[in-house]
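Everything on this sheet refers to the single structure shown next.
Heavy-atom basis, side chains included; hydrogens, waters and symmetry copies ignored. The structure displayed is predicted, hence computed values, not measured ones. Every chain is numbered from 1, with letters handed out A, B, ... down the list of sequences.
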Amino acid sequence: MSEALLVLRGLSKRFGATAAVDGVDLEILPGEFFALLGGSGCGKSTLLRLIAGLERPDGGAILLEGRDITREPPYRRPLHMMFQNYALFPHLTVAENIAFGLRRQGWRTPAIAARVEEMLALTHLTELAQRKPHQLSGGQQQRVALARALAPRPRLVLLDEPLSALDRKLRQAMRTELAAIQREVGITFIIVTHDQEEAMSLASRVAVMDKGRILQVDRPQALYERPRDRFVASFIGQVNVLAGTFRSDGGRLLFDCPALGACFQIAEPLPGARTLAIRPEKLRLADPSGPRLPNHFRARVESIEYRGENSLIRLEAGALSLLALHVHRDRRGDEDPPIGAEVCLEFGPADAFLLPD
Amino acid sequence: MPFSSPTEPRTRAALAVAGLPLAFFAAMLLLPLCLIGAISLAESDPALSPPFRPWWSGDGGIGLKSYALVLEEGIYARAWLDSLRIAATSASLAVLLGYPLALAIARAPEKLRLPLLALAVLPFWTSFLVRVYAWIGLLRHDGPINALLLALGLSEQPLPLLYGEFAIHLGIVYSYLPFAILPLAANLMALDSRLLDAAADLGARPMSAFLRVTLPLSAPGIAAAFLLVFVPALGEFVIPDLLGGPDNLMLGRLLWNEFFQARDWPLAAAITLMLLAMVVLPLLFLSRLLGRLAPGGRG
Amino acid sequence: MRGIRPFTATALILGLLFLYLPILWVVLLSFNESRLLTRFEGFSLRWYQALFSDPALLAALGRSLLIALAAGVIAVIIGTLAATALARFPRFRGRALLAFLSSAPLVLPEVMLGFGALILFVSLERLIGWPAGRGMMTIILAHTLLAAAYVTVIVQSRLAGRERVLEEAAMDLGADPLRAYLLVTLPSIAPALIAGFLIAFTLSLDDLVIASFTAGPGATTLPMAIYSKLKLGLSPEINALATLLVLTAALAVSIAAWSLARRR
């Protein structure tokens with residue numbers, strides 16, 4: 001644990017009566033690409049500003065490489081931020097923007113020139129070095145902001161919604177580039193985003209935040225497959241939630257679901273759990289000849305949202321409303337069922353997971 | 001509040017920055033206010049320099065004589081009423097005239113709106129004196145306006161347009177029209193044109209859509225426009241002096257005359273304080289209105 | 001968007017004619033061959049020649065330019081400090097007072113500002129011997145009062161925008177607060193400073209009332225000279241002078257507007 005680059009201990013920040021950041025503990029490892037994910041107002045941006053020193057915490061501590069920097073002003077912290085709307089200095093050229101942090105650190109002129117060249121090359125901006133920010137496109141401005149933050153070789157780069165100002169297509173391209181640049185420079189990145197797809201695809205670890213607290217920190221795959229929190233489960237992707245009781249019966253793990261009048265086999269225990277969750281794509285339409293998986297129940301098709309590669313089917317089973325994702329593979333008998341039809345749904349024991357209350 | 005934000009420096013830095021301007025504005029505004037207050041209670045004495053007896057150093061009496069004079073003496077009392085009346089009527093006229101222009105600017109194609117607004121406001125920034133002076137030439141009995149009236153047969157002989165209340169009203173409306181247009185245009189431009197479309201869609205003819213939708217919603221703009229003309233007009237000197245007759249005394253001109261001609265500083269001081277009292281209420285109201293017209297900063 | 005409708009076009013044309021015709025009339029007459037002020041009888045520059053051979057007017061012009069320059073510079077310094085304090089320090093003792101005092105000159109009648117300034121100068125002279133007498137110095141100070149109020153408003157609205165984020169970015173990159181302000185904020189609000197200076201310059205150049213109160217016997221400014229000539233009756237030279245004044249002011253304010261509206 002001592003190898004952590006950044007340690008947050010019980011960090012809190014209130015704005016008036018609301019706790020923007022509420023007792024956050026977190027450890028960031030060197031070289032990591034870490035994402036803070038959450039809806040608007042969850043406190044993720046405030047947490048980032050606390051790390052940058054742009055806000056002062058009401059309580060808790062921030063340690064960088066073991067050193068307490070909680071009280072350091074932003075200009076003495078060896079970490080840089082890429083601001084949401086880039087905050088490029090409008091009166092300086094691209095090269096001067098990139099050199100700004102180097103000059104503040106007292107680099108010598110030749111060293112500055114070399115480092116700026118290097119950064120321009122890294123971000124493919126060499127031809128635009130003498131332009132002013134307003135002469136650049138959104139994607140180019142974004143790269144200048146990144147180069148400016150990377151240039152002084154910070155221990156840590158903080159990125160506040162770095163892609164949100166770009167249009168959808170550009171966002172895809174910049175995502176790939178951002179990941180490539182992070183791998184190349186090997187500097188630790190912490191990114192703040194509300195876009196789960198962005199967080200999952202970029203980061204090696206993701207922290208999901210809500211109401212100023214971190215609910216779960218994990219690898220993207222673990223977050224999706226085994227969320228440990230009801231909010232996390234529903235925030236990342238869609239999920240069907242079934243109420244019932246968990247029990248263990250002679251080595252078999254079972255979940256009784258009174259609403260469906262069924263008892264399902266499951267793979268992982270969680271004593272006391274009263275909620276079973278299944279992702280829509282794990283809920284399959286059983287073959288008309290009969291179900292093949294141990295867990296199955298009947299439901300009625302309410303509506304179908306055709307989406308090309310798949311269809312999202314809304315179903316009703318008793319008083320329950322459920323979602324199933326029906327993937328279209330290129331074979332016969334794979335058409336969507338008619339609306340109003342009675343179908344059989346099935347899933348395997350490892351396809352569902354229990355959630356704590 | 002346990003900490004202030006680290007990017008928001010401390011009180012000592014604030015005072016280092018604010019010190020000079022605070023001292024300057026206080027010295028140039030608050031100090032004169034106290035001095036004027038003291039002088040307004042003194043006795044006038046044209047033989048002295050400055051021409052009053054400073055009661056604070058034991059010379060002469062202290063009293064409300066100057067105030068009594070301003071309130072009771074016929075010529076001053078008339079100046080009060082005339083100032084209020086002329087400022088009110090010309091402010092109303094400026095709103096009446098500015099409204100269609102502001103509405104036209106607000107309804108012009110989007111690209112033209114700001115250039116047109118700039119064009120309407122630019123005259124305010126060209127020499128005030130020149131703009132008032134221009135009307136002397138235009139309104140003379142042998143000037144172009146009278147020539148036009150004669151040529152069109154609208155009048156048998158040249159009309160005495162200059163040196164009277166007509167010219168003063170005209171001068172105030174002309175000079176302060178940009179003041180009326182600005183808040184009105186800001187208000188009308190912020191009005192969602194979809195409201196008018198909705199009104200039309202619900203069967204309102206243009207005129208009734210205007211009367212039932214646009215006009216009520218532009219009430220704050222109208223009030224601000226009125227006050228922005230009314231307040232400076234109350235204390236106006238140049239316009240009544242150049243365009244008015246000798247007996248068109250408004251408060252600003254009265255103050256000027258008492259100071260430069262009668263050399264009665266206590267009286268001038270009393271007039272200043274009473275003028276101040278008259279503009280304070282409208283100003284407080286105005287700042288609330290302007291705050292409402294520009295909610296939360298820039299778009 | 002609908003096209004320009006008849007009402008819109010009519011209101012615009014009539015309104016702008018009303019605003020501009022009187023000024024254009026003065027400009028036209030300034031090029032009049034004849035001494036007559038009622039009819040245009042041919043193009044001539046003789047009134048401009050007359051103007052430039054009038055030493056008293058030229059002296060007044062020089063004095064006015066100098067006063068406007070000095071008042072403009074001081075107003076930019078004081079106004080920028082005031083605007084910085086108001087926009088950057090949300091809580092300090094005296095903030096409300098500064099906000100109130102710095103906006104009061106915008107709306108107070110000029111006779112009050114002029115009279116108040118004069119009383120102040122006279123009292124100060126009696127008390128501490130400064131300023132000795134009235135002259136350009138006192139006019140500059142009084143004009144600075146009015147001009148600084150305008151500069152404060154202009155700069156403050158600029159500072160309230162996105163420059164706060166720029167300061168944060170500068171600090172994040174290692175600049176302490178003072179450097180962040182000097183290296184980033186000040187350059188990026190330069191257009192507002194230029195605009196503020198030009199507006200201040202124009203206000204001072206054009207002011208009759210405040211200057212009349214605070215000028216000593218020798219310090220006649222251009223508007224004061226024009227005013228005393230007007231009191232004697234109209235003359236074609238004044239038209240020429242008025243034209244020059246209008247052009248200067250229109251130019252200064254157009255540059256100011258352009259400087260503020262320009263994309264940064």
*Picking from B:Ile105, B:Leu273, B:Leu33, B:Ile136, which has the most non-hydrogen pairs under 4.5 angstrom with chain C?*
B:Ile136

*Which one of C:Ile226, C:Val26, C:Leu98, C:Leu14 has the most heavy-atom pairs closer than 4.5 Å to chain B?*
C:Leu98

*Look at C:Ile238, C:Thr202, C:Leu178, C:Thr243 and state which one has the largest set of heavy-atom pairs under 4.5 Å with chain B.*
C:Ile238

*With a 4.5 angstrom heavy-atom cut-off, could you sort out which part of C:Ala180 is near chain B: side chain, backbone, both or neither?*
neither

_I need the minimum non-hydrogen distance between B:Pro123 and C:Leu19, along with the two atoms involved._
CG-CB, 4.2 Å

*Side chain proximity check, C:Ile23 to B:Val130, heavy atoms < 4.5 angstrom*: no

*Which bit of B:Ala16 comes within less than 4.5 Å of chain C, counting heavy atoms only: side chain, backbone, both or neither?*
neither

*With the side chain counted from C-beta on, respond yes when C:Val122 and B:Trp265 share a heavy-atom pair under 4.5 Å apart, and no when they do not.*
yes

*Kindly say whether B:Leu119 contributes a backbone atom to a donor-acceptor pair with the side chain of C:Tyr20 at under 3.5 angstrom?*
yes

*Which bit of C:Ser212 is near chain B, if near means a heavy-atom gap under 4.5 Å: side chain, backbone, both or neither?*
both

*Find the one option among B:Pro178, B:Pro100, B:Gly98 whose heavy-atom pairs under 4.5 Å with chain C are most numerous.*
B:Pro100

*Side chain, backbone, both or neither: which part of B:Ala233 has a heavy atom under 4.5 Å from chain C?*
neither

*Can you name the nearest heavy-atom pair linking B:Phe25 to C:Ala149, along with the distance?*
CZ-N, 4.1 Å

*Which distance, rounded to the nearest 0.5 Å, do you find between the CG of B:Leu122 and the CG of C:Leu16?*
11.0 Å

*Who wins among B:Ile181, B:Val231, B:Leu103 for the most heavy-atom pairs under 4.5 Å with chain C?*
B:Leu103

_Check for me whether the distance between the ring centres of B:Phe260 and C:Phe213 falls short of 6.0 Å._
yes

*Between C:Ile199, C:Val253, C:Leu145, which has the largest tally of heavy atom pairs under 4.5 Å with chain B?*
C:Leu145

*When only heavy atoms count and the cut-off is under 4.5 Å, which of residues 114-121 of chain C reach chain B?*
C:Phe115, C:Gly116, C:Ala117, C:Leu118, C:Ile119, C:Leu120, C:Phe121

*asked:* Could you tell me if the side chain of C:Lys231 sits less than 4.5 Å from the side chain of B:Asp241, heavy atoms only?
replied: yes

*Determine whether B:Leu234 and C:Pro109 make a side-chain contact, defined as any pair of heavy atoms from C-beta on separated by less than 4.5 Å.*
no

_What's the separation between atom CG in C:Leu124 and atom CG in B:Leu31, rounded to the nearest 0.5 Å?_
7.0 Å

*asked:* Classify the ring geometry of C:Tyr227 against B:Phe237: parallel below 30°, tilted from 30° to 60°, perpendicular beyond 60°.
replied: tilted

*Name the region of C:Thr144, side chain, backbone, both or neither, that has any atom closer than 4.5 Å to a heavy atom of chain B.*
both

*Is there side-chain contact between C:Val107 and B:Pro232, with at least one heavy-atom pair below 4.5 Å?*
no

*Is there a side-chain contact between C:Val111 and B:Leu251, using heavy atoms and a 4.5 Å cut-off?*
no

*Work out which heavy atom in B:Leu129 is nearest to a heavy atom in C:Pro223; give both atom names and the distance.*
CD2-O, 3.5 Å

*For the candidates C:Leu203, C:Val246, C:Leu247, which exhibits the highest count of non-hydrogen atom pairs separated by less than 4.5 Å from chain B?*
C:Val246

_Non-hydrogen atoms of C:Ser123 and B:Leu35 that approach each other most closely_ = OG-CD1, 3.5 Å

*Hey, could you give me the CD1/CZ distance between C:Ile78 and B:Phe24, rounded to the nearest 0.5 Å?*
4.5 Å

*B:Tyr133 side chain vs C:Leu230 backbone, donor-acceptor pair below 3.5 Å*: no

*Any idea which heavy atoms bring C:Leu12 and B:Leu116 closest together, and the distance?*
CD1-CD1, 3.7 Å

*Counting only heavy atoms closer than 4.5 Å, note whether B:Ile39 contacts chain C via side chain, backbone, both or neither.*
side chain

*Side chain, backbone, both or neither: which part of C:Ala257 has a non-hydrogen atom closer than 4.5 Å to chain B?*
neither

*Is atom CZ of C:Arg179 surrounded by more than 12 heavy atoms (other residues, nucleotides or ligands) closer than 6.0 Å?*
no

*Counting heavy-atom pairs under 4.5 Å to chain C, which of B:Pro32, B:Pro21, B:Ala120 comes out on top?*
B:Pro21

*Looking at C:Ala249 and B:Thr126, what are the two nearest heavy atoms and their distance?*
CB-CA, 3.8 Å

*Residue B:Leu276 versus chain C: region with a heavy atom under 4.5 Å*: both

*Tell me, out of B:Gly235, B:Ser127, B:Ala147, B:Ala118, who's got the most heavy-atom pairs with chain C below 4.5 Å.*
B:Ser127

_Side-chain touch C:Leu208/B:Phe128, heavy atoms, less than 4.5 angstrom_ = no

*Do the rings of B:Trp135 and C:Phe18 sit parallel, tilted or perpendicular, given the 30° and 60° boundaries?*
tilted

_So, taking the atom named CG in B:Leu29 and the one named CZ in C:Phe100, what distance separates them when rounded to the nearest 0.5 Å?_
8.5 Å

*When rounded to the nearest 0.5 angstrom, what distance separates CG in B:Leu255 from CE in C:Met112?*
8.5 Å

*Identify which part of B:Ile271 has an atom lying under 4.5 Å from any heavy atom of chain C, answering side chain, backbone, both or neither.*
neither

_Top contributor to chain B interface from C:Ile77, C:Asp206, C:Leu141 [non-hydrogen pairs under 4.5 Å]_ = C:Asp206

*asked:* What I'd like to find out is whether the side chain of B:Pro50 reaches to under 4.5 Å of the side chain of C:Arg126, using heavy atoms alone.
replied: yes

